[in-house]
Every structure is written in structure tokens, then in C-alpha cells.
Amino acid sequence: MELETFKRILRSFTDDPGNVVFQNNRFVVEIFDNVLEGELSEDAGNLYVEEGGDRRPAYAWIMYRMARMDVLARRIVTNVSVVRDFVQPESSVRSSGVEEGSAGKVSGLAAKLLFNLLSEKDVGSTNVIYLTSNAGEGKTTLVNKLAVDIASNFLNGDSNWLLVPIPMGAKTLLSFDDLITAGLMNRLRFPYMYYSAFVELVKLGAIVPAFDGYEEIFVQSETGEALTAFGNMLKQLNSKGKVLISARQAYFETNDLAKSARLYDASGSESMKFINLELKRWSRTQFTEYGNLRGIDGTVKIYEAVAEVLTREHPLLTRAVLVRRLMDVAQSDIGFDEFLKKVSGDRVNYFYEFVNAIVEREAYEKWIDRSGSPHQSLITLEQHHELLAVIAKEMWITNVDMINREVVDILVEMFADSVQLKKTIARQIKEWIQSHPLLAIVKGQKEMVRFDHEEFREFYLGYSLGKMLVDNDVELRGILIKSSLSEQAVNTAKHYISIRHEPTMIIGTLLDLSKKESMASYIKENASTMILSLLDRRENPVPVVIENALITGRTLCGAEIRNAEFTSSILESVSLSGTSLYNVIFKDCKISHLELCEYANMENVLMQNCDLESVHLPGMETGEYNPSEIVRSLNAVGIEVVDEEKVTTQQTLSLSDVEPDEQISMIEKVLRYLMRSTHIAESILKLRLGSNSKMFINDILPDLKRLGVFQELPHSSGDHMLRIRLSMKMGDVYLAIQRSKGSYTLFLNEIKTMPRLKD
């Protein structure tokens with residue numbers, strides 16, 4: 001460690017740089033009301049600190065005396081919850097040198113692969129490791145287990161770094177640095193570190209932060225605050241250290257280059273490598289291993305019974321969080337065969353019936369009023385759901401994922417008053433609610449309560465939303481304005497509405513709410529998503545007109561929409577995977593990016609006077625920007641395109657005899673690779689572009705270097721291989737591709753107008 005680095009780190013731990021004094025080889029530093037004095041010396045190029053007769057390397061002194069990493073390790077072991085019956089999922093790793101779908105991907109047990117990735121020494125770049133899977137497949141469980149194991153190793157002297165879990169979900173009111181310090185102080189009870197010191201320890205490799213559930217990184221708001229905050233931290237790391245990000249697969253995977261470019265550009269000009277570790281769903285192996293760890297008899301029989309009714313790929317068999325609850329149901333007095341019949345419905349009903357079975361057991365077997373005769377349930381099954389929905393709603397409104405037990409007691413009292421329960425009943429509910437199987441006491445924070453898994457919280461948020469829509473609750477707008485609703489919340493709200501109310505009136509309510517909002521409003525986005533959900537698989541004898549909607553991402557995936565007209569709406573990076581549209585018109589709509597999929601079904605679908613910037617075709621790596629080729633692609637999947645001046649599809653196609661320039665396709669392929677690493681070597685260019693690599697290196701690259709799109713990196717020692725990196729924002733390069741409409745000459749002209757990054 002260099003002397004200047006040592007001084008900088010010391011100052012990062014103090015609230016006043018004046019609290020650090022250096023004189024000759026001695027220093028004095030005041031940190032959290034403690035004064036530390038030491039003497040510096042150098043031996044064989046290494047910096048040492050002597051304090052009170054104890055001499056140790058500067059790195060070790062910072063770790064134990066300044067950062068108090070041993071205390072942090074103990075707090076992780078004490079306060080981070082670990083599942084007792086832990087089962088490792090299988091996983092696969094794809095790093096910057098391995099292509100999508102390549103046989104070169106590394107597979108194996110997730111904990112081992114992730115530990116190896118985090119332990120590797122990689123000089124000269126920040127490693128950003130994405131841990132991805134669908135909801136409930138074990139991301140948080142894996143991160144917590146690994147964090148506790150590494151902390152235990154640290155305390156035993158077998159490790160010199162820590163994995164620090166930082167939960168990021170449902171806290172949108174806090175800034176990024178406040179989220180980190182709040183995670184250290186509130187969750188880990190560790191108040192000895194400022195954000196600046198945290199960043200310095202990450203740069204040293206002493207800490208690897210694990211940002212758990214930070215989907216906002218991928219789902220960018222209009223202001224771009226989440227990406228900017230994360231990018232600022234990456235810039236501060238100065239091409240050092242490692243960062244782990246845990247997020248759902250749906251947020252990570254996108255073919256929209258514009259959306260991907262935002263994350264890339266947020267990191268600035270620092271050198272980074274992006275690695276994706278994807279968890280695989282549980283198979284029969286993990287299912288039976290878990291059952292055996294819990295000592296459950298007949299685990300194989302349970303698996304086969306569910307598989308016969310629901311298939312082996314059903315979430316109840318493949319998602320860890322649901323398997324755990326399935327085992328609870330199997331051990332209860334509820335008829336398991338009857339339960340299987342209930343959950344064998346559609347994608348919404350199975351989860352509703354699953355949760356209902358858990359709550360039914362509580363309502364009719366445990367929550368019993370024994371003060372009189374005969375014994376009776378404290379509350380009905382529906383009231384039980386409503387009470388949990390009240391708790392989920394409170395968490396959503398206050399932007400938290402856990403609340404104080406005192407707040408829970410207040411919510412119980414308010415609920416009891418609203419349904420006119422006796423005081424004696426309310427007191428018993430307060431006692432039972434603390435041990436509810438769908439709720440959990442937060443480890444290390446005995447007064448805090450959360451849902452056992454985020455999907456249960458989202459389920460009951462949806463239950464609350466559905467009830468508010470049916471009741472036309474005046475607080476409805478306050479729910480929709482908070483943030484983007486999850487798919488689980490939307491599905492649950494739809495299910496609630498479908499069995500209690502006519503959806504047409506609800507759609508009218510949502511349309512009225514949406515019309516009053518700007519396109520940047522969460523209300524418009526959430527109202528549009530709810531409308532599409534209510535239209536899904538619904539026969540509409542009269543076409544439904546939806547104006548000024550905001551349709552994003554995977555909202556239409558798997559949907560079946562009939563007899564609808566979308567006017568003056570925005571479709572932003574929309575995927576049509578598994579989508580069926582019948583008699584649907586898009587009129588005067590702006591469509592930023594449309595993913596056309598093999599499994600989509602389009603019948604009598606018309607786009608009239610729509611502005612469509614790009615499409616992505618199934619099986620193709622690059623997007624399509626040429627207007628005539630976009631029309632051809634839409635026609636190929638059954639979508640007719642007519643513009644304002646009555647230009648027919650056939651007339652438009654007559655203009656498209658010329659294929660888009662090959663150079664554009666090659667540039668986009670290079671940009672997509674750069675989403676995994678901030679630079680690209682000649683060997684990778686040859687792998688990515690194949691026989692076209694010579695054309696790119698000899699003909700295209702000189703143009704791009706001259707215009708400041710790429711810059712050549714210095715050769716490594718003993719290595720004369722070409723290496724290049726972007727020297728302007730990827731988002732601007734993408735915009736130039738988009739505006740070029742497939743012409744390389746127009747692309748170069750557009751590039752000349754774009755700003756360049758500062759060195």
C-alpha cells in the first residue's frame with residue numbers, strides 16, 4: 001500500500017479531514033471519539049504501522065483498527081438470517097469472454113461458483129457480478145448463506161474479506177449512499193463507517209457489497225436517478241474491487257440496446273468486467289434433498305404427486321420459497337389431494353390457492369377463540385386475508401419492507417375496529433399475528449416484522465389493490481403513485497376483481513385515473529398495466545378504446561388481447577413473447593422498441609400512423625432500424641402497417657430493395673459485447689464477427705477512431721493484441737444507429753454531431 005493511499009483511507013473514516021495529522025513518520029487520527037496514534041515504516045516496498053508496540057502491515061491495521069472488520073464480521077454472523085435447511089441450487093456463469101448459449105459457460109453448485117468469482121484477484125478493472133434468477137429461486141438465501149460463511153472464515157483467520165448484504169428493495173425515499181449506511185447501521189448494527197470509507201474498503205477488496213433486490217438499476221425511471229447513483233459508485237471505485245448485484249432475470253435480460261446502454265454509460269470511463277451467474281430452478285434432486293433435510297417422510301411421493309397434476313416444471317416444485325411452503329401444507333391436516341386440485345388452475349389461481357391453503361390452516365386450526373363454548377375462529381378466512389393486506393399496504397405506502405411490531409399492533413386495532421371485532425378478539429389477534437407463517441421477525445431486530453418472502457408481500461399488496469378498485473376507494477391514487485407494481489401484485493388484484501366485480505367498470509376507473517397523468521407518472525404505468533391484465537383473455541363484444549396508455553417491458557408477454565384500440569399511447573421496449581392479439585389497432589402510438597417473438601400470434605392487427613424506432617427479430621442478435629425493413633418484419637408476423645397518408649404496406653415495401661448496410665450490424669454486435677466488458681480485444685472481435693472481423697478492423701474501425709467513437713488501448717507487456725474501448729456514450733452511438741435507418745454513411749454523419757467523453 002502506498003503512503004498517499006493510506007492517508008486517503010484514513011481521511012475517509014473521519015467526519016473532518018482535520019482530524020488526521022501526519023508529522024514525519026507519525027500520525028494521529030480521531031475517529032468516532034477515539035484517538036489512534038501510530039508510526040509508519042517501510043519494508044521491502046510494503047507499508048507498516050506500529051501502534052503500542054504492535055507492528056502490522058498497513059492493510060491489516062486499517063482492517064482491524066480503523067474499519068473494525070472483526071466487529072462487522074460478528075455482526076454479519078449474528079444479524080444475517082440463514083435458512084436452516086439450505087440446499088444449493090445449480091447455476092451457470094457467463095463472463096465477458098463467453099457468448100450467450102455457448103457451451104463454454106461454466107456450470108456447477110451456485111455457492112462454490114459464486115465464492116470463486118468473488119475470491120478471484122482481477123487487477124485493473126471493477127468486476128460487476130450479476131446474480132440472477134426468477135423470484136423465489138434462492139438469490140437472497142444464497143447471498144446470506146455465503147455472507148455468513150465468509151464472515152465465519154474471517155473470524156477464524158481463513159479469509160481477509162467480507163461479503164456484506166445490502167437490501168435495496170422498497171426503500172425508494174432513501175438515496176443510494178443512505179441505503180448503504182442504513183443497511184450497515186440498521187440491519188447489521190454497525191455504526192463505525194461512513195459511505196466514503198465503505199467505498200475505500202471496496203476498492204481495497206476488503207468488502208464486496210451485495211446489493212440484493214436492486215431492480216431499479218435495470219428499470220430506469222425518467223430521471224435516471226438509480227442508474228446515476230450506481231454509476232457514481234462505480235466511478236469512485238476507479239477500476240478496482242468487486243460488486244455483486246442480485247436481481248430478477250426479467251430485469252436483467254433485454255434485447256433493447258438503448259436500455260442496456262443506460263447502465264453502461266452510467267459507469268463512466270472506468271474499466272469494468274460484467275459477469276452473470278444465473279441460478280437454475282430446482283429439480284427433483286434439490287426437492288428431495290430439502291425434504292430429507294427437514295426429515296419429511298415420503299418426499300419423493302409428494303414430488304411425484306405434484307408433478308403428475310402440475311408437471312415437473314411447475315413453480316411449486318422448482319422455486320425454493322414455494323417448495324418450503326408446499327412441505328408445510330403437505331404436513332398439515334389439510335387434504336393434500338384436494339389442495340392439488342385447487343392449485344391446478346391457471347398461472348394466477350395456483351398462487352392464490354397456494355397462499356389460501358396456508359392461511360386457511362391458520363384461520364381454522366390455530367386462530368381459535370377458546371374463551372367461550374363452542375370454540376370459534378377469531379376471524380373469517382377473508383378477514384384473515386384482509387388483515388395481511390392491510391400490513392402489506394402500510395409497507396407499500398411507507399416505502400419499507402419491514403415495520404415495527406408496535407405499528408403492526410396499531411394496524412390490528414384499526415382493522416378490528418373496521419370490522420367491529422371485540423377487544424378480547426383484537427388482543428388475541430395481536431398475539432397470533434407475531435407468529436404468522438407468512439410473516440417473520442427480522443433477525444437482530446426483534447421489534448421489526450416483515451413478510452416471509454417478497455412475493456407474499458406483493459400478493460397481499462395486490463389483494464389490497466383489488467379491494468380498493470372494487471370499493472372505488474379514495475386512497476387508490478396514493479397506492480398507484482408509489483412505484484411500479486410487480487407482476488404478482490397485478491395478477492392478484494386481477495384475481496380479486498374477477499371473482500367479485502365486473503372488470504369493465506374497473507377499466508373505466510383506471511382509464512379516468514390515467515388520463516389525468518403525465519407519461520412519467522407511475523399512476524399511468526400502473527393503471528395501463530392493470531387495464532391490460534383485466535383485458536387479458538376477456539371477450540370484448542365491443543372494442544375497448546385505451547387512450548394515452550404507457551406499456552412497458554414484459555407487460556404483454558403471454559397475454560391474449562381481443563377487440564381493443566390503443567390510441568396516442570407509448571410502447572417502451574415491449575416484448576411480444578407468447579402474446580396473442582386479435583382485432584387490435586395501434587393508432588398514433590410511439591413505439592421505442594418492439595421484440596417480435598416466434599411464439600406470438602397476430603390476427604387482424606393494424607398499426608396506423610405509428611412511430612416505430614426499432615424491432616428485434618427472433619433468432620437475431622442485432623435490431624432492425626431501417627423503416628422499410630421494420631414494415632417487412634411486422635408484416636411477416638401478421639401486423640399491417642398504414643401511415644397517415646394512406647401509404648399501403650405494398651407501396652412501402654417497394655422502397656426496401658436495398659438491405660441495410662453490413663457495417664451497422666457489425667457495430668451493433670460490438671456494442672452488445674461491450675455490455676459485458678468495457679473493452680474488447682482483437683481475439684474477441686474475430687470470434688464475434690467471424691469472417692467480417694477483417695473488414696471491421698481494416699475499414700470500419702479507422703472511421704470510428706477518427707470520429708472519436710472508439711479509442712485504442714495501450715498494449716499489455718509482451719502482448720501486441722489490439723484492444724479498443726468506447727470513447728463516447730453508448731447511448732449516443734445507439735441513437736446514431738437508430739437515426740441512420742440502416743445507412744452507414746448516415747450513421748457517420750450522425751456521429752459527427754454527438755458529444756465525446758472527456759478523458
Least distance between heavy atoms, [X] atom then [Y] atom:
X      : Y      : value
Lys280 : Ser92  : CE-CB, 4.1 Å
Ile667 : Phe696 : CG1-CE1, 4.3 Å
Pro89  : Leu279 : CG-CD2, 4.0 Å
Met193 : Leu184 : SD-CD1, 4.3 Å

Checking [X] side chain against [Y] main chain: does a donor-acceptor pair fall under 3.5 Å?
X      : Y      : answer
Glu137 : Asn134 : yes
Ser133 : Glu278 : no
Ser239 : Ser125 : no
Ser12  : Ile9   : yes
Ser727 : Gly708 : yes
Thr753 : Glu750 : yes
Asn25  : Glu39  : no
Ser91  : Leu277 : no
Lys729 : Met754 : no
Glu30  : Asn19  : no

Parallel, tilted or perpendicular: rings of [Y] and [X] (30°, 60°):
X      : Y      : result
Tyr290 : Trp282 : tilted
Trp61  : Phe27  : perpendicular
Phe198 : Tyr195 : parallel

- request: Could you tell me whether Arg55 sits above the aromatic face of Tyr48, with NZ or CZ closer than 6.0 angstrom to the six-membered ring centre and within 45 degrees of the axis?
  value: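 Yes, Arg55 lies over the aromatic ring of Tyr48.
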message: Cation-pi check for Phe86 against Lys145: NZ or CZ below 6.0 Å from the six-membered ring centre and within 45 degrees of the axis, yes or no?
response: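 Satisfied, under 6.0 Å and within 45°.
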Taking the side chain as C-beta and beyond, is there a heavy-atom pair between [X] and [Y] under 4.5 Å?
X      : Y      : value
Lys7   : Leu10  : no
Met66  : Leu36  : yes
Ile737 : Leu671 : yes
Ile180 : Met233 : yes
Tyr194 : Thr14  : no
Lys273 : Val128 : no
Leu188 : Thr78  : no

Any side-chain donor paired with an acceptor under 3.5 Å for [X] and [Y]?
X      : Y      : result
Ser283 : Gln286 : yes
Asn153 : Asp149 : no
Thr132 : Asn276 : yes
Tyr744 : Asp703 : yes

What is the distance from atom [atom1] of [X] to atom [atom2] of [Y], rounded to the nearest 0.5 Å?
X      : Y      : atom1 : atom2 : value
Ile129 : Ile245 : CD1   : CD1   : 10.0 Å
Gln236 : Thr126 : CD    : OG1   : 11.5 Å
Asp699 : Gln663 : CG    : CD    : 8.0 Å
Arg74  : Asp70  : CZ    : CG    : 5.0 Å
Ile441 : Met402 : CD1   : CE    : 11.0 Å
Ser196 : Phe13  : OG    : CZ    : 8.0 Å

- request: Take Lys669 and Leu689 through the test side-chain contact (heavy atoms from CB on, under 4.5 Å) and record every step on the way to the result.
  value: CA-CA 8 Å; Lys669 285 182 179 179; Leu689 302 178; 4.0 Å; yes
field: CA sep, side-chain torsions, deciding dist, call: Leu40, Arg26, side-chain contact (heavy atoms from CB on, under 4.5 Å)
entry: CA-CA 6 Å; Leu40 298 173; Arg26 296 193 62 81; over 6 Å; no
task: Look at Arg8 together with Glu200 and state whether they make a salt bridge at an N to O cut-off of under 4.0 Å.
output: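 Salt bridge: yes.
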field: Glu712 and Arg723 ion-paired at < 4.0 Å
entry: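 Answer for the salt bridge query: no.
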Sequence neighbours excluded and cut-off under 3.5 Å, please list the side-chain donor-acceptor pairs for residues 158-165, or say none.
unit_1 : atom_1 : unit_2 : atom_2 : d
Ser159 : OG     : Trp161 : N      : 3.4
Ser159 : OG     : Trp161 : O      : 3.1

